[in-house]
Amino acid sequence: MIIIQKEENFNEWYNEIVEKAELSDKRYPIKGMNVWTPYGWKIMRHIDTYIRQELDRTGHDEVCFPLLIPETEFKKEKDHIKGFDAEVYWVTHAGLNELDVRLVVRPTSETAMYPMFSLWVRSHTDLPLKIYQIVNTFRYETKQTRSFIRVREIHFFESHTCHDSEEDAQRQVEEDFVILERVMKKLCLPYSLLRRTDWDKFPGAYYTVGIDTAMPNGRTLQIGSIHHYRTNFSEPYNISFEDANGERRFVHQTTYGMSERLVGAVIGVHGDDKGLVLPPALAPIQAIIIPIISKGNADTVNNATQDLSRRLNDAGIRCQVDDRDERPGSKYFHWEIRGVPLRLELGMRDIENGLVTYARRNDGQKGTFAIADAEKEAESILDGIADAMLQAAWEKQRTAVQDVESLQDPPEKILRFGWCQEEECGHEIEDRFDLTLLGTPYNDDGYEGKCIVCGKATKKAGYAARSM
RNA sequence: GGGGCUGUGGGGUAGCUUGGUAUCCUUGUGGCUUUGGGAGCCACUGACUCCGGUUCAAAUCCGGGCAGCCCCA
């Protein structure tokens with residue numbers, strides 16, 4: 001039984017869902033390093049699969065770089081090292097010997113990849129270079145950790161690209177947005193694109209676009225980011241090419257990354273007081289069949305459920321029969337906590353009428369359909385669930401944002417207000433109200449107003465919130 | 001960075017002040033009866049965070065480590 005209510009205490013509810021839905025085991029004896037248990041890992045694998053599909057489709061090649069980075073390479077870009085200094089793990093010994101050059105356990109892979117890029121890129125015909133990897137990275141979080149959301153070993157994808165011009169790199173950023181939209185549709189997740197403030201951008205970046213999703217407690221969760229580096233890394237790492245005129249120029253670079261926080265966002269956005277609610281595209285089990293058996297009809301019912309399961313699996317629907325020796329009610333709760341999108345019930349009553357009884361996890365809607373049309377019907381219900389989830393989630397994202405004219409007693413929401421873009425006013429907003437200034441919409445939203453601090457007229461909105 | 005609190009079967013807990021046989025719920029295993037919204041009965045398995053100290057005797061007292069939680073900066 002889920003005891004904690006989502007709206008009343010989101011943090012405790014979240015922890016309970018992670019445990020009860022068996023997504024992760026956090027008893028591993030290192031803080032912030034949790035075990036991916038089978039059900040949770042299947043969800044993550046589906047996300048990885050969609051990311052691979054989209055990156056492959058847009059001409060990115062998958063690679064896999066070493067986990068360890070020599071200190072000498074790590075320190076080549078000054079802002080970058082400043083940003084990560086306090087949160088990297090070091091390998092200082094090999095066997096009994098102290099290492100001459102210490103090794104950094106990657107917190108992200110720029111400094112692992114770029115020395116190699118310098119060897120790989122020689123001519124303009126080598127560009128654009130578009131690669132990605134799906135790996136784990138390590139950051140020494142000192143704050144309280146939380147499954148999927150704040151961890152020390154982070155499962156993520158990172159794509160890195162090199163271009164012959166700033167414009168071509170900019171086109172890459174635009175392509176990243178398309179990839180984002182397609183992936184997020186699978187996850188039924190809404191998001192906003194905010195250009196981060198200069199003091200909050202990625203260490204070493206020219207600019208950063210943060211991808212944020214609103215959580216039910218009025219906070220925001222950053223689930224990914226896209227960076228334009230210009231030549232900030234290619235200069236120290238000497239990634240240059242000979243252009244068509246025979247001149248040497250530095251490449252312009254971008255990166256794009258999203259992590260297991262996507263799982264955290266799915267839990268937070270879609271879950272309810274009965275447990276997890278999974279988008280059909282992520283669900284390890286999309287349809288669970290519950291046989292309703294009573295005296296003397298076990299064989300008939302079991303044959304019918306097995307047959308139905310086989311047909312649905314053949315049709316590409318991930319389906320299982322729950323034939324455990326439990327009461328049906330207990331099975332309903334079991335699969336509801338785990339977020340299975342569609343429940344199918346089959347008993348003598350249904351079989352005699354040629355029907356299947358179904359229940360949708362996202363909204364509890366129940367009904368029946370003809371057994372004969374099961375493949376088509378199940379597929380169409382799953383599509384309907386995905387559509388409804390996406391729409392409901394976007395509606396929540398929209399209502400999570402509130403326009404404010406002053407910062408007196410700000411509500412526990414994402415705040416939108418005028419901001420003149422001056423750093424001084426930005427810091428004032430953050431310091432006085434203990435909020436993070438998330439940035440300014442990447443795509444102009446037609447805002448007109450006055451800076452909430454200095455009162456100067458501005459056409460730019462600022463967004464601020466507490467972050468998770 | 002500073003301060004406070006807590007570690008007991010897989011999960012949640014009682015016991016700790018005042019040292020001596022570890023409580024209850026849940027989960028798990030086996031059996032019988034059950035099955036359209038969390039079934040009942042019986043039997044069984046399973047724990048004192050780690051290291052050191054005090055003591056005839058430590059879950060309990062003392063010191064340290066590790067892990068977790070909370071508050072402040």
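Sequence lines set the chain letters: A, B, ... in the order given, protein chains first and strands last, and positions in each chain run from 1.
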Counterpart base for B:G46, defined by Watson-Crick or G-U wobble contacts under 3.5 Å: none

Quick one: salt bridge (Lys or Arg N to Asp or Glu O under 4.0 Å) pairs with a partner in residues 208-220 of chain A, sequence neighbours left out? A:R196-A:D212

What is the distance, rounded to the nearest whole Å, between atom NZ of A:K31 and atom P of B:C66? 13 Å

Residue pairs passing the salt bridge (Lys or Arg N to Asp or Glu O under 4.0 Å) test where at least one lies in residues 78-96 of chain A, sequence neighbours excluded: A:D79-A:K82

Just call it for A:R146: base, sugar-phosphate, or nothing, with non-hydrogen atoms closer than 4.0 Å on any strand. nothing

Measure NZ/A:K274 against P/B:G38 and give the value in whole Å, please. 12 Å

Which whole-number value in Å describes the distance from A:K20 NZ to B:G12 P? 10 Å

Quick one, which residues of residues 78-93 of chain A touch RNA chain B with a heavy atom under 4.0 Å? none

Polar pairs (N or O, both sides) under 3.5 Å between protein and nucleotides 27-35 of chain B?
residue : atom : partner : partner atom : Å
B:U34   : OP1  : A:K295  : NZ           : 2.5
B:U34   : O2'  : A:R327  : NH1          : 3.2
B:U34   : O4   : A:D325  : OD1          : 2.8
B:U34   : O4   : A:D325  : OD2          : 3.4
B:U35   : O2'  : A:I293  : O            : 2.7
B:U35   : O2   : A:E326  : O            : 3.0

B:U49 and B:G9: how far apart are their P atoms, nearest whole angstrom? 7 Å

Taking CD from A:E19 and P from B:G68, how many angstroms apart are they, rounded to a whole number? 16 Å

So do A:F10 and A:M468 actually touch side chain to side chain, heavy atoms under 4.5 Å? yes

Quick check: A:Y256 with A:H160 (ring centres under 6.0 Å apart)? no

Can you tell me the Watson-Crick or wobble partner of B:A57, both distances under 3.5 angstrom? none

Using a 3.5 Å cut-off and no angle test, enumerate the donor-acceptor pairs between side-chain atoms of residues 311-324 of chain A and protein atoms at least two apart in sequence or in another chain.
residue : atom : partner : partner atom : Å
A:R311  : NE   : A:E375  : OE2          : 3.0
A:R311  : NH1  : A:I371  : O            : 3.2
A:R311  : NH2  : A:I371  : O            : 2.9
A:R311  : NH2  : A:A372  : O            : 3.1
A:R311  : NH2  : A:E375  : OE1          : 2.9
A:N313  : OD1  : A:C319  : N            : 3.2
A:N313  : ND2  : A:S309  : O            : 3.1
A:N313  : ND2  : A:S309  : OG           : 3.4
A:N313  : ND2  : A:C319  : O            : 3.1
A:R318  : NE   : A:A283  : O            : 2.8
A:R318  : NH2  : A:P280  : O            : 3.3
A:R318  : NH2  : A:A281  : O            : 3.3
A:R318  : NH2  : A:A283  : O            : 3.0
A:D322  : OD1  : A:R324  : N            : 3.2
A:D322  : OD1  : A:R324  : NE           : 2.8
A:D322  : OD2  : A:R324  : NE           : 3.4
A:D322  : OD2  : A:R324  : NH2          : 2.8
A:D322  : OD2  : A:W335  : NE1          : 2.7

Considering only the P atoms, how many Å lie between B:U8 and B:A59, rounded to the nearest integer? 15 Å

Report the base-pairing partner of B:G52 (Watson-Crick or G-U wobble, both distances below 3.5 angstrom), or none. B:C62

Using the P atom on both, measure B:A57 against B:G19 and round to a whole Å. 15 Å

For atom NZ of A:K26 and atom C1' of B:G11, their distance in whole Å: 13 Å

What are the two closest non-hydrogen atoms of A:T108 and A:I69, and how far apart are they? O-CD1, 4.0 Å

First of A:T357 and A:Y28 reached from the 5' end of RNA chain B, by closest nucleotide: A:T357

Aromatic centroids of A:Y140 and A:Y89 separated by under 6.0 Å: yes

Contacts satisfying ring-ring contact (aromatic ring centres under 6.0 Å, His included) that involve residues 298-327 of chain A (not counting sequence neighbours) are none

Distance under 6.0 Å and angle within 45° of the ring axis: does A:R195 meet both against A:Y207? yes

Anything under 3.5 Å between a protein N or O and an N or O of nucleotides 7-10 of chain B, put it in a table, one pair a line.
residue : atom : partner : partner atom : Å
B:G10   : O3'  : A:R27   : NH1          : 2.6
B:G10   : O2'  : A:R27   : NH1          : 2.9

Here the distance between atom C1' of B:C66 and atom CZ of A:R152, to the nearest Å, is 12 Å

Applying a 4.0 Å non-hydrogen cut-off, can you work out what A:K366 is touching in the nucleic acid: base, sugar-phosphate, or nothing? base

Could you list all the salt bridge (Lys or Arg N to Asp or Glu O under 4.0 Å) pairs where at least one residue sits in residues 378-406 of chain A, not counting sequence neighbours? A:E395-A:R398, A:D403-A:R416

Between B:A67 atom C1' and A:N34 atom CG, what is the distance in whole Å? 13 Å

Provide the Watson-Crick or G-U wobble partner of B:G19, both distances under 3.5 Å; none if there is no partner. none

Residue list, side-chain hydrogen bond (donor to acceptor under 3.5 Å, both in side chains) with A:N362, at least two apart or on another chain: none

Tabulate below the donor-acceptor pairs under 3.5 Å that side-chain atoms of residues 292-302 of chain A make, not counting sequence neighbours, or state none.
residue : atom : partner : partner atom : Å
A:S294  : OG   : A:N297  : ND2          : 3.1
A:N297  : OD1  : A:S294  : N            : 3.0
A:N302  : ND2  : A:A298  : O            : 3.2

Tell me what A:T142 touches on the nucleic acid: a base, only sugar-phosphate, or nothing, going by heavy atoms under 4.0 Å. nothing

Checking A:E430 now: which residues fulfil side-chain hydrogen bond (donor to acceptor under 3.5 Å, both in side chains) with it, not counting sequence neighbours? A:W199

Searching all strands shown, indicate the nucleotide that pairs with B:C24 (Watson-Crick or G-U wobble; both distances under 3.5 Å). B:G12

If we take the P atom in both B:G31 and B:G20, what is their distance in whole Å? 41 Å

Give me the distance, rounded to whole Å, that separates B:C50 from B:U45 when you measure between the C1' atoms they each carry. 25 Å

Who pairs with B:C69 - Watson-Crick or G-U, where each distance is under 3.5 Å: B:G4

Starting at the 5' end of RNA chain B and moving along, which residue's nearest nucleotide shows up first, A:I30 or A:G329? A:G329

Mind checking the C1' distance from B:C51 to B:G4? Whole angstroms is fine. 25 Å

A:Y463: partners by ring pair (Phe, Tyr, Trp, His ring centres under 6.0 Å), with sequence neighbours left out: none

Using a heavy-atom cut-off of under 4.0 Å over every strand shown, decide if A:E336 touches base, sugar-phosphate, or nothing. base

B:U21 versus B:A58 - spacing of their P atoms, nearest Å: 10 Å

Taking the same atom, P, in B:G38 and in B:U27, what whole-Å distance lies between them? 15 Å

Looking at B:G38 and A:F333: do their rings stack (centroid distance under 5.5 Å, interplanar angle under 30°)? yes

For A:M348, which contact category applies under a 4.0 Å heavy-atom criterion: base, sugar-phosphate, or nothing? base

